[in-house]
Amino acid sequence: MNLKYSPRSIENKWQSVWEQEGAFAVREDPEREKYYLLEMFPYPSGRIHMGHVRNYSIGDVVARFLRMQGYNVLHPMGWDAFGMPAENAAIKAKTHPAKWTYDNIDYMRSQLKKLGFSYDWSREFATCDVSYYRWEQLFFLKMYEKGLAYRRSAYVNWCETCQTVLANEQVEDGACWRCDQAVVQKQMEQWFFRITDYVEELLDYTYKLPGWPERVLTMQQNWIGKSFGSKIHFPLADREGSLTVFTTRADTLFGATFMSLAPEHPLVAELCSGKPEQAGVLEFVEKAKLAKRSDRETEILEKEGVFTGSFCINPVTQRRIPVYIANFVVMEYGTGAVMAVPAHDQRDFELARKYDLPVKLVIKPADAEPVAAESLTQADEEDGVLVDSGPFTGMTSAEAREAVTRHLAEKGLGELTVQYRLRDWGISRQRYWGAPIPIIYCESCGAVPVPEADLPVVLPTEVAMLENGASPLPSYEPFVKAACPRCKGPGRRETDTMDTFVESSWYFARFACADHDRSPLDFERVKYWMPVNQYIGGIEHAVLHLLYSRFFTKVLRDLGYLEADEPFMNLLTQGMVIKDGSKMSKSKGNVVDPDEMVENYGADTVRLFCLFAAPPEKDLEWSAQGVEGAARFLGRVWRLVADHRDALREAVPYDGNGSIGRDLSGLHRKTHGTIKKVTDDIRDRFHFNTAIAAVMELVNQIYQTLDSKPVDEAFWPVVREAVDAVLLLISPIVPHITEELWRQLGHAETLVRTPWPAWREDALKAEEILVVVQVNGKLRSRLVIAADATEEQMRKAAVEDRRVQEFVAGKTIRKIVTVPGKLINIVV
RNA sequence: GCCUGGGUGGUGGAACCGGUAGACACAAGGGACUUAAAAUCCCUUGGGGCUUGCCCCCGUGCGGGUUCGAUUCCCGCCCCAGGCACCA
C-alpha cells in the first residue's frame, strides 16, 4: 500500500493536532533554561509575502530545534497594527481602519497557521488594541514626569503626501521613507523623546553586543555620530555677546580668518540689521533655505556666502574677522556656526578664494617645510605641526587641540566638548490611526498630562475618515473637548498620535506577560524571559526600530518596569527575497504569492526551499525550479518510508552494539556524522542550507544501501536508525511530512515532543581513512590507510606509493609535512 | 570622501582553524522504464590538452607577497551592494 505524498491533508491534520495539544504554549519554568526567540512582527497589510515566509521559517526552525534540545522556548507572534496604510485603504474602500486592520489580521493569522509555524498563539495581540496602547500612554506620562518626553517648537520634516511629520530616521535621501515624497522643513510644536539622554549608553553597548552583525552596529555608531572637539567663543567686535562654534580642529584656531553661520542661525537678523548689507543678506538667506530643501538629495551646491556687515574677534590672534553666512553650514549640527580656516578646510578654502578672504597657513607636515599660503591650490586637511601659532608653535596637532582649548578655558572662551549627530526622536504624528498622546491643552495651564486614573485615552472609532487623508481627530469635538485636569476649565485634547515606532519599541517585553489588563509589564515574567535571545528580521530596521527599541528598553528599565539593559542579545538580519534580480514588488510584477505556493506544493516544500536556496543573511533568489527540486526531495523522503514501511516498522534501530558489515557500518557512520553536522550547522551558524544538504547526502546513501540486498539481520536496524535520524533532523524544517512519517513508522509520540538526536563519537570513527598525498603542494595520490596508523606509517605508505614514486623519482626528498589522518606533502 | 559587507562553474551555493576547490541542488545533454507522456531511476557536466590515464596543464575579480601548501593570511588595485556625508 503506497500512499502518495499529498501535503494538504497531512498538513491540516498535524496543524490541528499541535493546536489541540497546545504544543507550543509555554510558561515560566525556573528548572529549564529559557530561550526567547522572536521574529519582527508584521504590519497587517493584507497578506503575508515571501519575505515574511522566509523570516518566519528561519525563526521556526530555530524554535523547533531548541525545543527538541530541551529549552523552554518562548516564540510569540503579534501585529504591528497602527499605521498609515490602514487609513489610506480605509478611505479607498470606504471602511474604517480598525475593520480593515482586524480583517487583515484574521486572514494573515490563518496564513501563518497554514505554514505550520510553532507560535504560542495564546500571547498574540495587536498594538492597536486598547489593552496594549493604554500602557504606552502610561509610559508617556512617566517619561513626561522625568522630562524624557517634552514639547518644543522645531523645524521638522514634513511629508505633504502623508500629511505628517517624520523623524530624522524616517527620512531617506531627503524623501519620506514610505511614500518617497520630498520632505520639507516646517516649524511646528512637537513632542519629542529625549533619546539624546541615552546617547552614551546606546553607543557604549554597540561595543557590548557581540551577537549583532558588525554592519548593523557600525550603522548605529555612524547614526549616533560622536565626535570630540571644542566649543570656542568668538566675542563680537562692536557689541556685547559672542558667537560660539564647534570644531574638531582647535589646533587650527590661529588660521581662522573669518566666520561662517548657517542661514537659519538665530543671530543673523541682528548681525546685519542697520548695515548696508542687510537687504542682500536677507535675500541670500531666503534663497539658501529654498535651495536646501530642493537640492538636498542631489548634487552638492556650489559654496556661496554673504558678508553680514559684522565682525568678531579671533580669541587667540585678537584680529577682527568678518562674519559671513554660508550656504553649506547646517543649523542642526554643532552650533550652526563654523570658524573658517581656509588653509586647512576645503570648504572654507573655496569660499575664501571666491570672496578673496585671507588664507593663513598654520599647520605644516611633520617632515617638511611649510608652503606659502598663496601657492595653495587646495586646503591641507592633514594633522601636522603648528606654525605661526604664537606659544603653540611647534606642537603637534593632537597636542595643540588640547592645549589651545585649555588656554581658552582659562579665559572662559572655550571648553572641550563632545558632539553627536543623533537628535531627539520626534514622535508626534498628525495621523488618526495611532495611539493618542495623553495630553490636554488648557488656556490657562498650558499642556497638562492626562491623570493616570483617566487612562486610557481611547482612540474614537466612530469617526468618519476624511477624503483628503488628513486626520479626522481635530474636527471631532467629542474627542477634542475635555476639561483641564488641573483647573477643570475648558481644554482641548492633543490630536496628534504617537509614531508607530513607539509601539514596536516595547512589544517584545509585552509578549512575556500574562495579565494584559492590570499592569503594563509583569515584572517577574519579563525578568524570566527578557532579553530576547535571538531576534530575526530585515536589515532595513538597522537604525529605526532597532535603535528605538534599545532606547525604550533602557527607559523602561530606569522607570523600574524591567531589568534588561538591552532588548536583543543576538540579531540575525536576513536577506531579501528577490526574483529576476530585484526585490519582489507589485510594480515590477515579480511577486510570488505564498498562498498559491502552499496550495500547489504544501507548506513544507515552501519552507524547505526558502531555507535551502541560500544562507539566511544573504538575498534569496526565488526559483520555480528550485521549488520543484525541494518538492522532489520530500517525495524521495516520503517514498523512503512508504516503500519499505513494514520492514522499517519491525526493525529496532541499530544502537551501535554488535558488529556489522562494511557497507552498513558506512551508513551508520554517515548517520552519526550527519546528526553532528546538522546540529552544529543549526546551533552555531543558522546555516540551514548546508544542514539540508547533509541530510540529502544521508538520504542518497540510504537509497544506495537499499539497492544492495539485505544480507544480514543488521540491515533493517541500521537503515531504520538512518531513516529515524533523517526525520528527526529535518523535522524543524519540514514539520508536517516528518510527523506523518514518524507516526507511520510506529512512534507514539509526536516529533514536537521527541528529543533532538545525539551523535556518538565512537560511531564517527572509521577503521580506514583517506589520506591525500601531495608532492610540492600538488595533489598526486590518495591512500586508504588504517585510521590508527602512526605518522611514521603514513609517511612510509606515501613514499612507497606507486604514483608518488613517479613524481619523486630522481629527486631528493627535502621535507615531508604530515597532517595526521588527513594529508602528506612531500617536498622535493 | 569615510565605514561595512561581498566577488568561486551555465545558475543557487559548499569548502567551519591555511590542507582533495566546486559538496548539495538547479539547469543542460545522454540513457532506462513506457504504445506515449508524466513520475521515477541511471550516466555525463569548470576550461584546455593528448599519449584516453582513475593522466597532465590551467582555474576562486586583478597584481604581488608569506608558506611545504592560499578561495582562506598580508600588501596594492578593480568592480558590485548597503550605510553615512558640505557634520565643521
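Chain naming here is simple, since letters A, B, ... match the order of the sequence lines and numbering starts at 1 in each.
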Look at the side chain of [X] and decide which nucleotide, out of [options], has an atom nearest to it.
X: A/Lys677; options: B/U4, B/C57, B/C16; result: B/C16
X: A/Phe612; options: B/G13, B/U20, B/C24; result: B/C24
X: A/Thr690; options: B/U20, B/A15, B/C56; result: B/A15
X: A/Val338; options: B/C58, B/A88, B/G13; result: B/A88
X: A/Val330; options: B/U20, B/C84, B/C87; result: B/C87
X: A/Lys303; options: B/C41, B/G13, B/C86; result: B/C86
X: A/Val817; options: B/C16, B/A88, B/C68; result: B/C68
X: A/Thr218; options: B/C87, B/G19, B/C3; result: B/C3
X: A/Lys815; options: B/A14, B/C87, B/C68; result: B/C68

Please report the distance separating the [atom1] of [N] from the corresponding atom of [M], rounded so that it comes out in whole Å.
N: B/G5; M: B/C73; atom1: P; value: 12 Å
N: B/C24; M: B/C79; atom1: C1'; value: 29 Å
N: B/A39; M: B/A32; atom1: C1'; value: 14 Å
N: B/G19; M: B/U72; atom1: C1'; value: 11 Å
N: B/C57; M: B/G83; atom1: C1'; value: 45 Å
N: B/G7; M: B/G12; atom1: P; value: 12 Å
N: B/C62; M: B/U4; atom1: P; value: 24 Å
N: B/U11; M: B/C50; atom1: P; value: 27 Å

For [X] against [Y], the heavy-atom pair lying closest together:
X: A/Met331; Y: A/Pro266; result: CE-CD, 3.7 Å
X: A/Thr244; Y: A/Ala337; result: O-CB, 3.5 Å
X: A/Ser242; Y: A/His233; result: OG-CB, 4.0 Å

- Message: Between B/C84 and A/Asn222, counting only base atoms on the nucleotide and side-chain atoms on the residue, is there a donor-acceptor pair under 3.5 Å?
- Response: no
- Examine the base of B/G5 for any acceptor or donor lying under 3.5 Å from a partner atom in the side chain of A/Glu214, and report the outcome as yes or no. no
Within the pair [X] and [N], is there a side-chain N or O less than 4.0 Å away from OP1 or OP2?
X: A/Arg803; N: B/G53; answer: no
X: A/Ser623; N: B/U11; answer: no
X: A/Arg421; N: B/A88; answer: no
X: A/Lys231; N: B/A88; answer: no
X: A/Arg780; N: B/C56; answer: yes

- Using distance alone, with no hydrogens and no angle criterion, decide if A/Thr206 and A/Gln221 have a side-chain donor and acceptor under 3.5 Å apart. yes
- Does a side chain donor of either A/Asn222 or A/Arg421 reach within less than 3.5 Å of an acceptor in the other side chain? no
- Message: Is the terminal nitrogen or CZ of A/Arg550 (NZ for Lys, CZ for Arg) located under 6.0 angstrom from the six-membered ring centre of A/Tyr205 and within 45° of that ring's axis?
- Response: no
Describe the nucleic acid contact of [X] in one word from base, sugar-phosphate, nothing, applying a heavy-atom distance below 4.0 Å.
X: A/Leu620; result: nothing
X: A/Thr335; result: nothing
X: A/Pro213; result: nothing
X: A/Thr247; result: sugar-phosphate
X: A/Val827; result: sugar-phosphate
X: A/Asn689; result: sugar-phosphate

- Message: Under the side-chain hydrogen bond (donor to acceptor under 3.5 Å, both in side chains) test against A/Glu350, which residue among A/Arg347, A/Gln346, A/Arg353 passes?
- Response: A/Gln346
- Close approaches to RNA chain B from residues 691-704 of chain A, in residue order (heavy atom, under 4.0 Å): A/Ala693, A/Met696, A/Glu697, A/Asn700
- Which parts of residues 625-637 of chain A get close to RNA chain B, meaning a heavy atom less than 4.0 angstrom away? A/Gln625, A/Gly629, A/Arg632, A/Arg636
- Can you tell me the distance, in whole Å, between the CG atom of A/Asn776 and the P atom of B/G19? 19 Å
- Message: With a sphere of 6.0 Å drawn around CD of A/Glu540, does it hold more than 12 non-hydrogen atoms of other residues, nucleotides or ligands?
- Response: yes
